[in-house]
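Some notes on the structure that comes next.
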Amino acid sequence: MTIPRSDATRLLDWYRRNRRDLPWRRSRDSYRIWVSEIMLQQTTVRVVVPYYRRFIRLFPTVRALASARPDRVLAAWSGLGYYRRARHLSAAARIIVGKHAGRFPLRVEDALALPGVGRYTAGAILSIAYGARLPVLDGNVARVLSRLHLVRGADSAARRRRLWRLAGELAATAPSPGDLNQALMELGATVCTPAAPACAVCPLSRRCAARASGLQETIPPSRRPRATVEVRTGVAVVTRGGRYLLRRRSNRDLMHGLWELPAVGRGGRSDGLRLAVGRCVATVRHSITYRRLEVSVHPARLLAEPPRGGYRFVAPADLGRLPTSSLVRKVLAALV
DNA sequence: AACTCGTGGCT
DNA sequence: TAGCCAAGAGT
């Protein structure tokens with residue numbers, strides 16, 4: 001007993017009338033649905049759209065993606081964040097070509113075995129592209145269902161299990177599971193919003209338990225924020241012929257493989273470089289989850305050639321072809 | 001189970 | 001403006 005069938009129909013009707021015209025909704029190509037779902041993980045639609053268009057232009061098919069060097073994929077991802085997604089996408093494309101004949105797998109177990117594909121993403125792709133009766137539970141659906149059924153309390157494993165079960169009952173009986181899943185997400189994104197939900201135009205408001213008790217604004221409770229840590233770092237800007245010296249991050253996880261400006265510590269020391277570091281000419285603020293960076297920018301002079309391999313001089317115009325974080329572009333923009 | 005990973009838009 | 005949050009996955 002979740003939403004009666006007539007309400008599911010009303011939700012679907014609402015969706016067909018109100019859904020946004022998004023690029024990945026113009027196709028049922030499982031490859032395109034997959035790419036969009038990976039990009040949309042923890043990332044807003046508005047930010048994703050231009051990246052998605054560019055990405056599909058660069059890599060129109062799973063085979064094109066599979067044969068592209070991971071660095072090109074990472075470069076196309078630059079600025080989107082959560083860079084591991086790009087590496088997973090690359091690796092998964094090769095698995096799809098190698099083991100699944102170039103088609104995104106139909107079986108849930110096979111989909112879940114792909115790197116970067118979890119329960120949400122598998123359900124989304126298989127229901128939208130193939131019509132599979134699988135539920136999705138993202139932030140939107142969790143909010144909609146917990147309001148609809150007055151699922152109170154903070155996030156917990158038990159709470160998530162309950163919400164997955166509710167989502168599963170819906171997907172099991174819906175006329176069109178893919179559309180129903182998207183309808184729930186669209187409703188959460190545009191009507192049943194975290195703050196000030198537009199209950200007046202909600203097709204489910206009559207059945208909404210939170211609405212009935214006036215609790216729609218307090219369910220679900222917002223998570224306790226963790227303290228952010230302030231971090232101060234400095235970078236050296238070494239120029240040569242209008243190009244900038246960058247180095248490739250070797251860090252195993254954090255933005256690994258991305259090109260960045262060399263860091264300078266106290267005394268002007270920098271890994272692998274001998275530098276004469278000048279005074280700070282700019283400061284750039286940048287946030288990484290739970291960390292706030294304050295980056296001071298120092299013009300610097302090379303005292304010795306940098307080691308080969310890890311370093312490169314890059315013209316600003318070529319920056320787009322290298323994997324870089326948005327921080328690099330912010331710093332370079334601050335110099336203009 | 002709690003923590004990690006990026007970024008930009010919004011309030 | 002400083003914090004909140006977004007179509008989560010992996011460990």
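Here is how names work: the chains are called A, B, and so on, in the same order as the sequence lines, proteins then strands, and each is numbered from 1. No hydrogens, no waters, no symmetry mates; every other heavy atom, side chains included, goes into these values.
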TODO: Name the first nucleotide and the last nucleotide along DNA chain B (5' to 3') that come under 4.0 Å of a heavy atom in chain A.
DONE: dA1(B) to dC10(B)
TODO: Could you say whether Lys330(A) or Arg291(A) is positioned toward the 5' end of DNA chain B, judged by the nucleotide with the nearest heavy atom to each?
DONE: Arg291(A)
Open item on the list: Which is more 5' along DNA chain C, the nucleotide nearest Thr44(A) or the one nearest His88(A)? Just name the residue.
Closed with: Thr44(A)
Open item on the list: Taking salt bridge (charged side-chain N to carboxylate O under 4.0 Å, His left out) as the cut-off, I'd like each qualifying pair that reaches into residues 56-85 of chain A, sequence neighbours left out, listed once.
Closed with: Asp71(A)-Arg248(A)
Open item on the list: Looking at Arg25(A) and Glu186(A), is there a salt bridge between them, counting it only when a charged N and a carboxylate O are closer than 4.0 Å?
Closed with: yes
- [ ] Could I get the full list of side-chain hydrogen bond (donor to acceptor under 3.5 Å, both in side chains) partners for Arg312(A), not counting sequence neighbours?
- [x] none
- [ ] Could you tell me which residues satisfy ring-ring contact (aromatic ring centres under 6.0 Å, His included) with Phe59(A), sequence neighbours excluded, listed by chain and number?
- [x] Phe55(A)
Open item on the list: Please classify the nucleic acid contact of Arg87(A) as base, sugar-phosphate, or nothing, using heavy-atom distances under 4.0 Å.
Closed with: nothing
Task: Close approaches to DNA chain B from residues 128-135 of chain A, in residue order (heavy atom, under 4.0 Å) - done: none
Task: dA7(C) to dT4(B) separation - P atoms, rounded to the nearest Å - done: 23 Å
Open item on the list: Under 4.0 Å, counting only non-hydrogen atoms across every strand here, what does Arg223(A) touch: a base, just sugar-phosphate, or nothing?
Closed with: nothing
Open item on the list: Below 30° counts as parallel, above 60° as perpendicular, anything between as tilted: where do the rings of Tyr52(A) and Trp24(A) land?
Closed with: perpendicular
- [ ] Keeping the roles fixed (side chain from Arg133(A), backbone from Ala171(A)), state whether a donor-acceptor pair exists under 3.5 Å.
- [x] yes
Open item on the list: With heavy atoms of chain A within less than 4.0 Å as the criterion, where does contact along DNA chain C begin and end?
Closed with: dG3(C) to dG10(C)
TODO: Pull out every residue in residues 318-327 of chain A that has a heavy atom closer than 4.0 Å to any atom of DNA chain B, ordered by number, or say none.
DONE: Ser325(A), Ser326(A)
Open item on the list: Return whichever of His286(A) or Ala157(A) has its heavy-atom-nearest nucleotide of DNA chain B closer to the 5' end.
Closed with: Ala157(A)
TODO: Linking directly or through intermediates, with side-chain heavy atoms under 4.5 Å: list the remaining ILVMFWY members grouped with Leu150(A), chain and number order.
DONE: Leu215(A), Ile219(A)
- [ ] For Thr228(A), report the nucleic acid contact type (base, sugar-phosphate, nothing); a contact means any heavy atom under 4.0 Å.
- [x] nothing
TODO: Return the set of residues passing side-chain hydrogen bond (donor to acceptor under 3.5 Å, both in side chains) with Thr228(A) (not counting sequence neighbours), or none when no residue passes.
DONE: Arg292(A)
Task: salt bridge (charged side-chain N to carboxylate O under 4.0 Å, His left out): pairs with one or both residues in residues 135-161 of chain A, sequence neighbours excluded - done: Asp155(A)-Arg160(A)
TODO: Provide the full list of salt bridge (charged side-chain N to carboxylate O under 4.0 Å, His left out) pairs with a residue in residues 171-181 of chain A, sequence neighbours left out, each pair given once.
DONE: Arg16(A)-Asp179(A)
Open item on the list: Tyr120(A): which residues meet the ring-ring contact (aromatic ring centres under 6.0 Å, His included) condition with it, sequence neighbours left out?
Closed with: none
Task: Atom CZ of Arg46(A) with >12 non-hydrogen neighbours under 6.0 angstrom - done: no
Task: Comparing Arg20(A) and Val117(A) on DNA chain C - which has the more 5′ nearest nucleotide - done: Arg20(A)
Open item on the list: Would Thr121(A) and Gln41(A) count as a side chain to side chain donor-acceptor pair (under 3.5 Å) here? Give the steps.
Closed with: CA-CA 9 Å; Thr121(A) 306; Gln41(A) 289 170 2; 3.0 Å; yes
Open item on the list: Could you tell me how far dG6(B) sits from dT11(C) if I compare only their P atoms? Round to whole Å.
Closed with: 14 Å
